Amino acid sequence: MVRSGTATRLPLDRPARSLTRRGRTLGVALALGALLASGATMTLAGPAVAATGDIKCPSAECARIAPAAGSPVAIASDNVGALYLAYSGGDLLKLDLATGTLSTVTTGLGNLRGVAVADGSAYITNFDGVLQQVTLATGSRRTLASGLPSLFGVARFGTTTYVTDGNGEIVAVPDGGTSRVVATGLGFSYGLAFDKAGFAYTADMGQGRILQTNVSTGATRVLAGENYEPTSISVDGNGLVYFLVGDEVKRVNPATGAQAHVANIVGLNIFSFSLTASGEAYTAGGSDGLWRLSGLTSR
């Protein structure tokens with residue numbers, strides 16, 4: 001692919017170069033091997049049967065918006081009209097939601113796993129233990145931390161970038177500072193999210209826990225348990241925490257501990273979704289490109 005800030009036609013091999021749902025599951029299973037006993041397996045639940053209140057794909061509530069996007073492993077919104085898509089092959093793309101135009105931000109970032117966007121930059125994790133910052137306007141990049149365990153989830157809070165690693169830790173990388181572990185014993189979490197108060201949220205796939213962590217003290221508490229391999233974590237504007245179990249979207253209120261079913265996603269195999277400030281959610285449906293899920297936070 002050509003590095004540019006203009007629209008590019010995606011090569012036909014992009015879906016093959018990106019991780020399919022099965023490939024992403026295999027990658028997670030490999031990481032879980034360091035955390036779980038030998039012989040542990042990972043199988044995502046099969047598609048649910050449509051029922052009242054479910055979100056059926058395609059429909060008005062579940063629309064495919066970028067068929068050519070292939071299968072990004074991570075999606076982040078800038079909350080001003082664009083999504084940024086990270087691919088396992090090392091590419092970072094921009095999707096203009098108003099026009100549907102896909103353009104290349106940069107390539108060659110490594111075996112990518114997570115992306116967060118803040119203040120004109122993308123923060124990228126890869127499986128080789130490297131955290132990078134990419135300037136979205138120019139595509140230039142710099143390494144913020146390296147030599148870490150395999151990295152997965154990533155989020156910004158204040159002037160610090162936080163990541164989850166394959167050792168069950170949250171690592172903080174302050175701007176201009178040195179990386180340090182701020183929490184341990186969290187299991188394997190593919191994602192990471194923060195609320196407005198600065199609490200971090202992770203989904204422990206191995207033990208089925210949704211965790212809240214105070215990154216200042218390292219103290220962690222279980223918000224919800226007994227969920228089979230939760231794979232996605234997001235926080236809405238009201239501080240409610242959303243996560244995915246198979247094809248079911250669930251929600252937990254950190255203040256009360258109340259857990260609720262939100263919807264089953266029917267007709268689309270998804271591994272995770274990215275919740276935006278507007279309440280829209282975006283997900284990759286295997287090799288079927290990018291999809292928009294509407295109305296999750298209003299259910």
Side-chain angles (χ1 to χ4, degrees), residues 14-16 18-29 31-32 42-51 53-77 83-88 93 95 97 112-115 152-153 188-193 201-205 208 210 227-236 241-252 260-276 278-297 299:
R14 178 169 296 282
S18 303
L19 289 175
T20 61
R21 179 173 179 264
R22 181 176 297 174
R24 282 177 283 163
T25 300
L26 177 59
V28 172
L32 277 169
M42 174 178 163
T43 305
L44 297 183
V49 177
D54 288 347
I55 294 178
K56 187 175 182 179
C57 302
S59 68
E61 293 180 298
C62 180
R64 187 164 64 165
I65 60 171
S71 297
V73 294
I75 303 165
S77 172
L83 299 178
Y84 290 87
L85 317 177
Y87 293 83
S88 63
L93 268 60
L95 173 66
L97 291 172
L112 301 188
R113 287 296 180 266
V115 59
F152 296 91
F188 178 76
S189 179
Y190 204 88
L192 176 65
Y201 297 88
T202 53
D204 175 6
M205 295 179 65
I210 304 302
N227 291 288
Y228 183 67
E229 295 177 352
T231 58
S232 184
I233 197 82
S234 298
V235 181
D236 72 7
V241 178
Y242 290 75
F243 57 100
L244 189 66
V245 179
D247 295 315
E248 181 188 9
V249 179
K250 304 179 79 171
R251 176 173 58 215
V252 62
H261 165 83
V262 177
N264 288 321
I265 309 301
V266 180
L268 192 67
N269 288 325
I270 67 175
F271 181 77
S272 65
F273 61 86
S274 176
L275 190 64
T276 68
S278 67
E280 302 282 2
Y282 295 89
T283 187
S287 60
D288 295 330
L290 207 66
W291 294 70
R292 179 177 59 238
L293 303 173
S294 300
L296 286 182
T297 58
R299 286 173 168 256

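This one's a predicted model, so the numbers in the text were calculated from it and none came from an experiment.
Annotation for Leu290 and Pro72: closest pair CD1-CG, 4.1 Å, computed over non-hydrogen atoms. The two atoms that bring Arg292 and Ile65 nearest to each other are NH1-CG2, 3.4 Å, heavy atoms only. When all heavy atoms are compared, the tightest approach of Ser294 to Ala60 is OG-O, 4.3 Å. Heavy-atom minimum distance, Ala193 versus Val235: CB-CG2, 3.9 Å. Val73 and Leu112 make their closest contact through CG2-O, 3.4 Å (heavy atoms, listed as atom of the first residue, atom of the second, distance). In terms of heavy-atom proximity, Thr283 sits nearest to Leu268 at CG2-CD2, 4.1 Å.
Listed by chain and residue number, Glu61 satisfy the salt bridge (charged side-chain N to carboxylate O under 4.0 Å, His left out) test with Arg299 (two or more places apart in sequence, or in another chain).
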Stepwise side chain to side chain contact (heavy atoms under 4.5 Å, CB included) check, Leu93 with Tyr87 | CA-CA 8 Å; Leu93 268 60; Tyr87 293 83; 4.1 Å; yes
Could you walk me through whether Arg64 and Cys57 pass side chain to side chain contact (heavy atoms under 4.5 Å, CB included), step by step?
-> CA-CA 8 Å; Arg64 187 164 64 165; Cys57 302; over 6 Å; no
Stepwise side chain to side chain contact (heavy atoms under 4.5 Å, CB included) check, Leu97 with Tyr282 = CA-CA 11 Å; Leu97 291 172; Tyr282 295 89; 3.6 Å; yes
Before giving the answer on ring pair (Phe, Tyr, Trp, His ring centres under 6.0 Å), spell out for Tyr242 and Phe273 the whole-Å C-alpha distance, their side-chain angles and the decisive distance to 0.1 Å.
-> CA-CA 10 Å; Tyr242 290 75; Phe273 61 86; 7.1 Å; no
When you look at Val115 and Ile75, which way does the side chain to side chain contact (heavy atoms under 4.5 Å, CB included) test go after all the steps?
-> CA-CA 6 Å; Val115 59; Ile75 303 165; 5.7 Å; no
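Evaluated for a side chain to side chain contact (heavy atoms under 4.5 Å, CB included) with Arg251, the options Thr297, Ile210, Val262 yield exactly one hit, Val262.
Side-chain contact between Ser234 and Val241: absent, with no pair of heavy atoms (C-beta onward) separated by less than 4.5 Å. Counting heavy atoms from C-beta outward, Ser232 and Phe243 have side chains that stay 4.5 Å or more apart. Under the 4.5 Å side-chain criterion, counting only non-hydrogen atoms from C-beta, Ser77 is in contact with Leu83. Residues Lys56 and Cys62 form no side-chain contact, since every pair of their non-hydrogen atoms from C-beta on lies 4.5 Å or further apart. Using a 4.5 Å heavy-atom cutoff, the side chains of Leu296 and Ile55 are in contact. Residues Leu275 and Leu293 have side chains not in contact (no heavy-atom distance under 4.5 Å, counting atoms from C-beta outward). Side-chain contact between Trp291 and Pro58 is present, with heavy atoms from C-beta onward closer than 4.5 Å. Contact check for Pro67 versus Asp288: no side-chain heavy atoms found under the 4.5 Å cut-off.
For the atom pair Ser278 OG and Asp236 CG, the distance stands at 11.5 Å (nearest 0.5 Å). Atom NZ in Lys250 sits 9.5 Å away from atom NE2 in His261 (nearest 0.5 Å).
Not one N or O on the side chain of Thr231 forms a donor-acceptor pair closer than 3.5 Å with the backbone of Ser272.
Taking the six-membered ring for Trp and thresholds of 30 and 60 degrees, Phe271 and Tyr190 have ring planes more than 60 degrees apart, a perpendicular arrangement.
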